[in-house]
Each structure stands twice: as C-alpha cells, then as structure tokens.
Amino acid sequence: MEARNLLRFLFLSLISVAAFVLVLTFLQLSYQLPRTVELLDCATNSAWRASRNPCNHALDTPHHPLDPLTIREFEKVRSILSSHELFESSSYALHSVDLEEPEKTLVLKWKKGETLLPRKASVVARVDSKSVYVLTVDLGTGNLTVRETGEHSGYPMLTVEDVTGTTLALFASADFNRTIVQRGIDLADLACLPISTGWYGKSEENRRLIKVQCYSMDGTANFYMRPIEGLTFLLDLDTKQVVEISDTGRNIPIPKAADTDYRYSVLQEDPHAMKPLNPISIEQPKGPSFTVEDKYLVKWANWEFHLKPDARAGVIVSLAKFRDPDTGELRDVMYKGFSSELFVPYMDPTDAWYFKTYLDAGEYGFGLQAMPLDPLNDCPRNAYYMDGVFAAADGTPYVRPNMICVFESYAGDIGWRHSESPITGMEIREVRPKVTLMVRMVASVGNYDYIVDWDFQTDGLIRVKVGLSGMLMVKGTTYDNINQIPNQENLHGTLLSENVIGVIHDHYISFYLDMDIDGSENSFVNVNIKRQQTSPGESPRKSYLEAIRNVAKTEKDAQIKLKLYDPSEFHVINPSKKTRVGNPAGYKIVPGATAASLLDLEDPPQIRAAFTNNQIWVTPYNQSEQWAAGMFVYQSHGEDTLATRSDRDRAIENKDIVLWYTLGFHHIPCQEDFPIMPTVSSSFQLKPVNFFERNPILRSPPNLEKDLPVCKPVASV
Ligand SMILES: *[C@@H]1O[C@H](CO)[C@@H](O)[C@H](O)[C@H]1NC(C)=O
Ligand SMILES: *[C@@H]1O[C@H](CO)[C@@H](O)[C@H](O)[C@H]1NC(C)=O
Ligand SMILES: *[C@@H]1O[C@H](CO)[C@@H](O)[C@H](O)[C@H]1NC(C)=O
C-alpha cells in the first residue's frame with residue numbers, strides 16, 4: 001500500500017472508531033462533567049437561577065439524611081477505597097456508589113436543624129473481574145465494612161466502562177470487521193447496541209456476557225430502522241473476547257434510509273402539512289407556587305416531599321406528607337416511592353431475538369439512562385431542574401444536568417364543579433380549575449424513551465404516569481408487502497415499512513410504594529365488590545352490589561391479579577387512625593389501563609421477572625428488599641425476586657408494609673409507530689380514601705379574570 005493511502009486508511013479507521021464510540025456515547029455513556037463556563041454555586045444561588053444555569057456542584061453539602069451523595073462525598077469514597085487493602089493491589093470496578101440511606105426509624109425521627117445522621121455510602125464493587133463486594137463506607141469515620149460478598153447468580157448493573165469496553169473489543173476483532181464488511185457495510189457507518197443476554201442456561205453461566213447487534217447509520221440518524229438482521233456478536237465483558245458470532249440473516253436486505261429521520265432540522269417540508277399551531281404556554285404572572293428548599297425538599301400546596309435522582313431507579317420520592325386542611329397537621333402518606341424494575345420481553349423466539357427480555361433498571365440503570373431534559377419541550381417554562389450526580393467505574397463523580405424537572409401543570413381540567421339546573425330556581429355554577437405539580441424524568445434506554453411522571457394533586461391524589469416514545473426495536477425482513485408472506489409464516493410482528501417488522505413486545509414497570517398512612521403500622525384491605533341476590537319477594541330488584549372488606553393477614557393474601565368481573569378496591573389503611581365517623585384513614589391504589597404478562601411461568605425471562613406474575617403485592621418493610629427483580633439482576637436466574645420473597649408469606653397486618661404495583665403494556669406495533677412513536681401512556685393513582693373528613697379542596701378558590709392578566713410575550717426574567 002502506498003504511504004499516502006495507508007495514512008488515509010488509518011485516518012478513516014480512526015474516524016470510524018470515533019463515530020462508533022460517539023454513537024455508543026450518545027446511547028449509553030453521556031459523561032457530562034460540570035461545564036467550566038458561568039458556573040453558579042448552587043448552594044448560594046436561588047433555586048430558580050440554578051435551574052437556568054449550569055451549576056457548580058463541587059461545593060454542595062447535604063442538608064437532609066436522604067440527600068444523595070455530593071461530589072465531595074463521592075471523592076471521599078474514592079480515596080477511602082483506593083487506599084484500602086481490598087483494592088490497593090487489585091483492579092476493580094465500582095458498579096454503583098449510592099447514599100446508604102439511614103434506618104427508616106432514624107430518618108422519621110430526624111428534624112430539620114438537628115445534626116445530620118452519619119453519612120454512609122453503599123458501594124457495589126467487583127475486584128479483579130471476579131468477586132463482588134457490597135460495602136458500606138462510613139464517610140465520617142472513613143471506616144469500610146464489607147456487608148456482603150455477592151453469592152448470587154446475577155451480576156451488578158453494567159458500568160459505563162463495560163459498554164465502552166465492548167466497543168473497543170469489537171474493533172479489536174478481525175472477525176467482527178470481516179463479518180460487517182461482508183454484509184456490505186462500511187465500518188464508518190456502523191452503530192451498535194449492547195444487549196443484555198438474559199439467562200438461558202448452563203453455557204451462559206460463570207462469566208459476564210453481552211450481545212451486540214449493529215445497524216447502519218448510512219443516510220439517517222435513525223439507525224434503529226436499519227438493522228443488520230440476524231447478526232449477533234456474543235462478547236465476554238471481562239476478557240473482552242468475541243465469544244461467538246451468529247450470522248443468519250445474510251439474505252435480508254438492510255431497510256432503506258429514506259423517510260426514517262425524525263430531526264426537525266432535516267425533515268423536508270410536506271406540501272400537505274397542517275398549519276402549525278399557534279404558540280401556547282402557561283403564564284404564571286406571580287411565578288410558580290412551589291418552592292424547593294435545600295435542593296431536594298419540594299413544597300407545594302399542601303404537599304411536602306423529598307425528591308432525588310437515583311442511578312438505578314431514576315427518581316425517588318421520599319417522605320411525602322400532606323397538610324390536613326382541617327387540622328393543619330402534616331400527615332404521612334408515603335415514606336418512599338420509585339420505579340423499582342422494568343421488564344421488556346420481545347415476542348420472537350428466533351435466534352437473533354429470543355434473548356431480548358430486558359430488565360432495564362437492574363441491567364442498565366434506569367437513572368443512568370436519563371438524559372438532560374429539553375427546556376420548553378420536555379418541561380414548560382418556570383420548571384425547576386434537578387441534576388443527578390453519579391460515579392464512573394473508578395469512582396469519579398460526574399454530573400447529569402437537568403435530569404428531573406418539577407413544574408405546575410394546568411391542562412384545562414376541572415378540580416370539581418356543579419351547576420344547578422334552572423328548575424330549582426338557583427343560579428349556581430361553581431367550578432374549580434385543576435392545577436397539579438408534576439415531577440418528570442425521561443430515561444432513554446437505547447431506542448425507547450420512558451417518560452415517568454409523578455403528578456401531585458391538591459386533593460391528596462398522586463397519579464403516576466408512564467409514557468412510551470422513541471423508536472421501536474425492529475427486525476429486518478425480505479418482504480416489502482404482506483401479500484408476499486406465506487400463510488404459515490409467523491412474522492412475530494407487523495410489517496411497518498418495506499423490509500421492516502415491528503416485533504410484538506410488552507413493557508412492565510414495577511413501582512415500590514412504601515405507604516405510611518399516618519405512621520408506619522398499616523394494613524392492606526381488599527374491598528371486594530360482590531353481587532348479591534335478593535330473596536324472592538324481598539325487593540323488585542334481583543341483584544345489587546356489596547363491598548366486602550378482607551384484611552390481608554399474610555403476603556399471599558395480597559398477591560393480586562386484576563379481574564374485571566371480580567373487582568376490588570385495594571386500600572392501605574391505618575387501623576388505629578379513624579375519622580370522626582369511624583372509618584380507618586387510608587389511601588387506595590387505583591389501577592388504570594394495564595397489561596399482565598402471559599408468558600409461561602417457567603419461561604426463563606418470566607422467572608427472572610416474576611414480579612410481573614401479579615399486578616399487586618404487599619410485603620413487610622425490609623430495607624434490603626427494594627428491587628423487584630433482585631439486587632443483582634444481570635444474568636440472574638430469578639432466585640431473589642419480589643415473587644420469591646412474597647412466597648415466604650410473612651405477616652403483613654398492622655405492620656410497616658410496602659405496596660408494589662406493576663403497570664403493563666402489550667405493544668403490537670402499527671405503521672404510525674414508524675419511524676418514531678407518538679407517545680403512548682398509562683397511569684395509576686394513589687387516592688385518599690377516608691383519609692380526610694371531607695373534600696379537602698372544598699375551600700379552593702375559582703379563577704377570576706383579574707387574576708389572569710394577558711401576559712406580554714417576554715422571555716422569562
Ligand atoms: C470499623 O469497622 C470494623 C468492621 O469492619 C469495626 O469492627 C470497627 O469497630 C469500626 N470502627 C469504627 C471506628 O467504626
Ligand atoms: C477493524 O476496523 C477498525 C475500523 O476500520 C480498525 O480501526 C481496526 O484496526 C480493525 N481491527 C482489526 C483487528 O483489523
Ligand atoms: C430482609 O431481607 C433480606 C434480603 O431478602 C433477608 O435476607 C432478611 O431475612 C430479611 N429480614 C427479615 C426480617 O425478613
């Protein structure tokens with residue numbers, strides 16, 4: 001090769017590696033170190049300014065026992081670990097570094113102004129690519145305690161470096177390069193996805209594995225619509241070797257790039273496009289009504305709660321309390337709530353697809369995948385933004401800016417109303433607008449975007465909503481019209497475009513809801529709605545409905561499958577806190593549209609995701625049981641899930657209990673989901689039930705013209 005050509009080749013390969021790393025960076029890594037321009041010290045500037053300018057978190061200090069680790073605390077953990085004998089002479093990777101929350105009883109007793117409870121970090125480390133340690137690092141004393149060594153089938157969450165390493169390992173493999181080139185793909189156009197392998201038997205055990213599938217970026221940013229079908233690389237995450245290449249789809253063309261892009265800047269103008277809507281925004285002439293104290297304590301209307309980002313869960317809401325409008329008392333509602341795990345099984349059992357059965361939180365970190373929110377589009381003006389601070393595998397902290405937003409939402413809905421008809425002679429029209437407080441995070445787990453909203457209402461209701469958008473995971477096919485498909489052939493999905501199948505799949509997202517209704521000692525009541533028959537002659541009616549209360553004694557009484565024809569309400573009550581007329585104070589969980597997993601209970605992914613076997617579970621509180629699919633989920637065998645714990649059938653009556661709810665979606669893709677999906681969402685509610693003596697928003701005022709001046713279009717000051 002001529003010298004100049006050689007240089008060009010090397011240069012190109014460098015570019016292609018860079019492009020490749022860039023794509024993966026975009027997908028998985030997003031290291032965002034604090035920017036160096038115009039840094040504001042978040043501690044001394046008001047929350048509102050901090051929300052608009054990049055923050056310098058270097059000086060952050062914790063104010064509340066539940067505040068996440070600060071940059072300085074991360075640094076301290078790092079220095080304690082690096083000088084400890086366990087790590088001194090070994091290579092190690094930190095798979096998570098989080099606040100070790102103090103015991104619940106201590107947190108509940110703690111009052112603002114008191115000295116902070118001892119700050120501790122909980123660290124999951126792998127040493128010499130073998131042993132897993134769960135450590136507690138006492139940030140005050142510098143003491144390090146090994147709490148547990150990982151005697152589990154599963155491995156801890158992937159680190160960012162695991163994923164970057166995958167990239168480098170692939171390019172170091174001549175087989176990888178050859179296989180890609182044989183498919184007619186320029187290595188410079190390659191984008192690859194690291195896919196958790198799940199667990200499918202002996203050959204996959206005792207080593208950390210990952211599968212990689214690739215796409216062509218040629219001609220589109222939406223490479224997800226251009227799969228190199230049937231090509232799967234199996235890699236050992238620790239030795240960085242390509243273990244196996246499965247190449248079964250050589251006859252399948254790569255779908256076209258045309259009409260797959262979704263970026264506003266590159267879309268052609270459509271002659272039939274609708275006239276754009278006039279701009280719309282919410283005016284708050286006097287500013288927002290909520291405050292955020294000490295960075296994490298949100299106060300709005302009668303609500304008060306602690307809110308924080310989390311690498312694994314995404315968003316954690318703690319100590320949610322509601323000020324009773326009758327007594328002024330601040331009453332406990334929920335000690336802690338968060339999305340504990342996801343399960344996303346694809347319904348295609350063939351070679352290149354069967355393993356796609358993601359447990360996104362435990363495998364990838366739901367919070368780690370949350371990208372910065374886009375102001376004005378993800379969240380309206382006047383939103384408050386909260387940054388996440390996480391640790392890389394060597395313990396170095398980095399900042400994920402604008403990871404969570406908080407804002408007041410007014411969708412034109414009605415809080416309550418009544419009009420009197422003229423026949424009564426009373427001219428009454430009383431209406432109250434509904435304004436709510438929204439907490440939002442969006443996790444972009446590769447192709448899919450999960451929008452998680454916690455919506456707090458003035459009447460004490462909390463609505464948790466999950467929206468799905470982003471790109472489908474699609475499969476390449478030789479067909480470009482369904483009339484070519486032989487009768488017997490199962491596509492496992494819908495033909496969405498020429499050579500593109502949207503594969504059928506499910507989404508489950510399981511919420512951990514540690515309800516504390518007026519204190520921790522609570523019970524779970526299944527209020528069953530039963531049809532009763534009247535006796536002959538008793539009434540002109542033959543039947544009516546009755547509500548029959550069954551208090552769950554043990555965990556198995558609270559393993560609930562939802563049934564339309566045998567309905568119930570599900571209450572968490574405080575049996576010793578009664579209303580004036582004697583009803584126990586409670587909150588009920590109100591499911592919305594949802595789906596149940598129909599997979600065989602013995603199917604390996606279903607065993608691992610057995611938390612989807614029921615929609616509702618109730619467990620006794622145990623600080624170390626917070627993850628629905630277990631602590632170590634990657635390649636786990638499902639021996640430590642919500643289901644295995646609940647089957648211990650522990651007592652749950654009048655105890656500190658945790659409610660679990662799993663929201664589900666079946667997704668049969670349709671053409672409108674191509675090339676990017678309009679958001680589909682579903683929700684559930686936590687609703688007061690005999691918690692208040694009366695309608696808690698009875699005295700809320702209506703809107704008046706004078707309170708709502710038509711604001712001039714000036715940007716926020
Ligand atoms: C440090 O941890 C060890 C256990 O690893 C314990 O025995 C010792 O008492 C601790 N020291 C302090 C000062 O907390
Ligand atoms: C594979 O291709 C990349 C990009 O062209 C190159 O940098 C790398 O050296 C190749 N690897 C091998 C083993 O040939
Ligand atoms: C708390 O959870 C851990 C992990 O599942 C378990 O080993 C322990 O026995 C539980 N404690 C109680 C009191 O149930």
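Note that these values count all heavy atoms, side chains included, but never hydrogens, waters or copies made by symmetry. If you're wondering where the values come from, they're calculated on a predicted model, not measured in any experiment. Remember, it's 1-based here, ligands and their atoms both numbered in the order they're listed.
If you check which protein heavy atom lies closest to atom 5 (O) of ligand 3, you get Glu625 OE2, 2.8 Å. Scanning all protein heavy atoms for the shortest distance to atom 9 (O) of ligand 3 gives Arg648 NH2, 3.6 Å.
Here's the thing with Asn622: one of its N/O atoms is less than 3.5 angstrom from an N/O atom of ligand 3. The N/O atoms of Asn177, backbone and side chain alike, include one that comes under 3.5 Å of an N/O atom in ligand 2. Some N or O of Phe171 is nearer than 3.5 Å to an N or O of ligand 2, by distance alone.
Between Thr260 and Thr220, the side chains place a donor N or O and an acceptor N or O closer than 3.5 Å (distance only, hydrogens not considered). The closest side-chain donor-acceptor pair between Thr619 and Trp660 falls under 3.5 angstrom. With 3.5 Å as the limit, one finds a donor-acceptor pair spanning the side chains of Ser646 and Gln559.
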- Item | Worked check of salt bridge (Lys or Arg N to Asp or Glu O under 4.0 Å) between Arg608 and Glu363 | CA-CA 12 Å; Arg608 300 176 66 228; Glu363 292 176 339; 3.3 Å; yes
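Using a 4.0 Å threshold on non-hydrogen atoms, atom 13 (C) of ligand 3 does not count as touching the protein.
By the 6.0 Å and 45° rule, Lys211 does not stack over the aromatic ring of Phe233.
If you take OG on Ser196 and CG on Asp360, they are separated by 7.5 Å, rounding to the nearest 0.5 Å.
Residues Arg263 and Asp261 are paired through a salt bridge, judged by an N-O separation under 4.0 Å between the basic side chain and the carboxylate.
The proximity of Ala172 to ligand 2, defined as any non-hydrogen pair under 4.0 Å, is limited to the backbone.
Near Leu187, the atoms of ligand 2 lying under 4.0 angstrom from a non-hydrogen atom of the residue are 2 (O), 5 (O). Each of the atoms 1 (C), 2 (O), 3 (C) of ligand 3 lies under 4.0 Å from some heavy atom of Ser624. Every atom of ligand 3 with a heavy atom of Arg650 under 4.0 Å away is listed here by number and element: 14 (O).
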